[in-house]
Amino acid sequence: MKKKGKSVTAKQERAGWMFLIPATVLIFIMSFYPIIQALLTSFKTGSSANMTWAKPIFYNYSRMFSDKLFMRSVGNTFLYLIIQVPIMLILAILLAQLLNNRDLKFRGLFRTCVFLPCATALVSYSLIFKSLFATQGLVNSALQALHLTSSNINFLGTAGTAKMVIILALIWRWTGYNMVFYLAGLQGIEYSVYEAAKIDGANGWKTFWHITVPLLRPTIIMTFIMSINGTLQLFDESVNLTAGGPANSTITMSHYIYNNSFGQGVANFGYASAMSFFVFILVAILAVINLKVGDTRD
């Protein structure tokens, strides 16, 4: 019986490795090998066909901090991050709390409506917002019809309003996506907890702040990290809404990396790879900070 048990265990282990090895090889070839190659490329200069090791070896990394356009793209990206992410997550958790109410009718319909923007393709929704905020677009027409403005506003042609449009577009699309995570977290909280709080005299705000938020802390940390990761890699909105303009005032880091790789006809892969690893380091640092701040264990 022992020999038979060992043979069955050995067969199960072999079967497990047979399933695991192909996936591991594919992940290495499709993910880790390109990452390693990109890291090596970040220490090289020259065109794609004639790349040589940079002299000094960290030339591409030191070049970033003297590149005014790249530093502008960093500033723009962090502006979107600081304004958009908190607003979006607060709206998401409030909507989740509202749509988790058992007494609310048509909850499924409302949840679908809030989540629907997330199902819209990135390029499609960017073009929709571009048409809405065009000089002759619906927003300008509505503002004039309400007598709030006397002439058309060039939303996408002015730096401040163009950034505002990008932030609004991000909030519109991604709020429902994060709301789904909060809804899942709320449904994991026993309803008896809220009933006990109500019996003890806690009002809606105290219940939300002292029960809902602490119990949703892991979900909040997860959505915060994902939102930071996504915003630091923001690309579609900058490209499709404003094309980085006016005068590169709305360009993001990913957009600038793309321009150096493919967008401007100059295949500067070494410098683009260095900037990509800079973004990777930023994402890792912010993720670690969020995990440390959110970790309440002794």
Side-chain angles (χ1 to χ4, degrees), residues 76-102 104 106-126 128-129 132 163-191 193-194 204-205 207-241 252-254 279-280 282-296:
N76 290 337
T77 306
F78 271 91
L79 177 68
Y80 302 143
L81 174 66
I82 292 168
I83 297 176
Q84 172 256 333
V85 170
I87 295 174
M88 175 186 65
L89 294 182
I90 290 171
L91 283 175
I93 196 170
L94 291 176
L95 285 169
Q97 180 75 8
L98 177 64
L99 297 178
N100 193 50
N101 188 347
R102 290 183 175 184
L104 181 66
F106 307 110
R107 285 186 303 167
L109 175 63
F110 292 135
R111 291 175 182 178
T112 303
C113 291
V114 175
F115 181 76
L116 198 59
C118 182
T120 308
L122 287 167
V123 175
S124 300
Y125 103 92
S126 297
I128 290 170
F129 268 81
L132 285 174
K163 292 175 182 178
M164 179 198 71
V165 172
I166 289 177
I167 291 170
L168 287 174
L170 291 169
I171 292 172
W172 179 82
R173 189 181 194 279
W174 294 108
T175 297
Y177 177 81
N178 290 283
M179 182 201 70
V180 171
F181 291 102
Y182 294 137
L183 269 174
L186 286 170
Q187 289 171 7
I189 301 173
E190 291 291 338
Y191 197 72
V193 176
Y194 293 106
W205 169 250
T207 302
F208 174 75
W209 187 250
H210 294 288
I211 295 177
T212 303
V213 172
L215 292 176
L216 283 181
R217 185 185 297 272
T219 308
I220 293 171
I221 294 171
M222 180 193 69
T223 54
F224 204 78
I225 291 173
M226 291 195 308
S227 299
I228 289 173
N229 187 13
T231 306
L232 289 179
Q233 299 179 63
L234 194 63
F235 176 76
D236 294 87
E237 291 77 9
S238 175
V239 173
N240 297 307
L241 262 174
T252 61
M253 291 188 289
S254 295
V279 176
F280 169 75
L282 282 178
V283 171
I285 291 172
L286 292 173
V288 170
I289 291 173
N290 283 319
L291 288 172
K292 291 294 183 182
V293 170
D295 191 355
T296 58

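Everything numeric in this text was worked out from a predicted model, so none of it was measured.
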How close do [X] and [Y] get, heavy atom to heavy atom, and via which atoms?
X	Y	answer
Leu215	Pro218	O-CD, 3.8 Å
Thr175	Met88	OG1-CG, 3.6 Å
Gly176	Phe115	O-CD1, 3.7 Å
Glu237	Leu234	OE1-CD1, 2.9 Å
Leu232	Leu81	CD2-CD2, 4.4 Å

Could you state the interatomic distance from [atom1] ([X]) to [atom2] ([Y]), rounded to the nearest 0.5 Å?
X	Y	atom1	atom2	result
Gln97	Thr207	CD	OG1	8.5 Å
Phe181	Leu183	CZ	CG	11.5 Å
Thr212	Arg217	OG1	CZ	13.0 Å
Ile189	Ile211	CD1	CD1	8.5 Å
Ile166	Ser238	CD1	OG	5.5 Å
Leu99	Leu94	CG	CG	11.0 Å

Side-chain donor or acceptor of [X] paired with backbone N/O of [Y] under 3.5 Å:
X	Y	result
Asn240	Asp236	yes
Thr120	Pro117	yes
Asn178	Trp174	yes
Ser254	Phe235	no
Thr219	Gly185	no
Arg173	Tyr125	no

### side chain to side chain contact (heavy atoms under 4.5 Å, CB included) assessment of Arg111 paired with Asn100
CA-CA 9 Å; Arg111 291 175 182 178; Asn100 193 50; 4.2 Å; yes
### Query
Can you tell if the side chain of Val283 reaches within under 4.5 Å of the side chain of Ile228, non-hydrogen atoms only?
no
### Message
Any heavy-atom pair between the side chains of Gln233 and Thr77 that's under 4.5 Å?
### Response
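No - every pair of side-chain heavy atoms lies 4.5 Å or more apart.
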#### Entry: Heavy atoms from other residues, nucleotides or ligands near OH of Tyr80 exceed 12 (cutoff 6.0 Å)
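Yes, OH of Tyr80 has more than 12 neighbouring heavy atoms, counting only those of other groups under 6.0 Å.
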### Query
Would you find more than 12 non-hydrogen atoms of other residues, nucleotides or ligands less than 6.0 Å from Phe280 atom CZ?
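No.
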### Message
Out of the candidates Ile167, Ile171, Leu170, only one should pair with Ile83 under the side-chain contact (heavy atoms from CB on, under 4.5 Å) rule; please name it.
### Response
Ile167
### Task
Could you walk me through whether Val114 and Met179 pass side chain to side chain contact (heavy atoms under 4.5 Å, CB included), step by step?
CA-CA 8 Å; Val114 175; Met179 182 201 70; 3.5 Å; yes
### Query
Between the side chains of Thr223 and Tyr182, does any donor sit under 3.5 Å from an acceptor?
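Thr223 vs Tyr182: donor-acceptor pair found between side chains.
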